[in-house]
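Everything below concerns the one structure shown next.
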Amino acid sequence: MKLGDVLILSLSLALIIIGIHQTMTVGIGFSYAIFMFAVALLFWFQYRRTKREEAEKNNSKPVKKRKR
């Protein structure tokens with residue numbers, strides 16, 4: 001996992017914790033935006049991880065040489 005992925009995942013977790021705290025203190029209406037931002041970060045993390053795995057998979061395929 002790269003540094004960017006760790007930062008995105010950590011920020012998402014922090015926002016979920018903040019959202020839970022805000023939900024308990026002032027209600028779900030005020031913390032909705034925080035939860036949506038956390039979910040967006042989770043989707044971004046998943047997108048980055050999937051793209052990296054695809055790139056590694058494409059680079060590791062053996063190249064076949066054609067006979068002439």
Side-chain angles (χ1 to χ4, degrees):
M1 202 176 333
K2 294 191 174 198
L3 179 63
D5 293 337
V6 171
L7 291 174
I8 292 170
L9 196 59
S10 300
L11 183 58
S12 176
L13 178 63
L15 286 174
I16 289 171
I17 292 169
I18 291 169
I20 291 170
H21 177 264
Q22 289 295 314
T23 299
M24 290 189 300
T25 56
V26 292
I28 190 74
F30 292 100
S31 61
Y32 180 77
I34 297 171
F35 283 123
M36 290 301 108
F37 192 58
V39 169
L41 287 174
L42 287 172
F43 280 131
W44 188 25
F45 170 76
Q46 184 67 31
Y47 174 76
R48 286 173 51 108
R49 188 172 66 173
T50 304
K51 284 300 219 182
R52 186 175 51 251
E53 288 174 356
E54 286 178 5
E56 290 173 358
K57 183 179 175 184
N58 289 337
N59 289 338
S60 66
K61 286 184 180 178
V63 178
K64 292 184 179 180
K65 293 183 180 180
R66 294 187 338 179
K67 291 185 178 180
R68 291 186 179 208

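No hydrogens, no waters, no symmetry mates; every other heavy atom, side chains included, goes into these values. Numbers here are sequence positions counted from 1.
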> Who pairs with Glu54 by side-chain contact (heavy atoms from CB on, under 4.5 Å), at least two apart in sequence or on another chain?
Replying inline: Thr50, Lys51
> Between Val26 and Phe35, is there a shared hydrophobic cluster once you connect ILVMFWY residues whose side-chain heavy atoms come closer than 4.5 Å?
Replying inline: no
> Does any pair with a residue in residues 22-40 pass side-chain hydrogen bond (donor to acceptor under 3.5 Å, both in side chains), and if so which ones, sequence neighbours excluded?
Replying inline: Thr23-Ser31
>> Same cluster or not: Met1 versus Trp44, using hydrophobic residues (I, L, V, M, F, W, Y) connected whenever any side-chain heavy atoms lie under 4.5 Å apart?
In response: yes
Please tabulate, one pair per line, all N/O donor-acceptor pairs under 3.5 Å involving side-chain atoms of residues 7-20, not counting sequence neighbours.
unit_1, atom_1, unit_2, atom_2, d
Ser10, OG, Val6, O, 2.8
Ser12, OG, Ala38, O, 3.1

> Do other residues, nucleotides or ligands put more than 12 heavy atoms under 6.0 Å from Phe37 CZ?
Replying inline: no
> Who pairs with Arg52 by salt bridge (Lys or Arg N to Asp or Glu O under 4.0 Å), at least two apart in sequence or on another chain?
Replying inline: Asp5
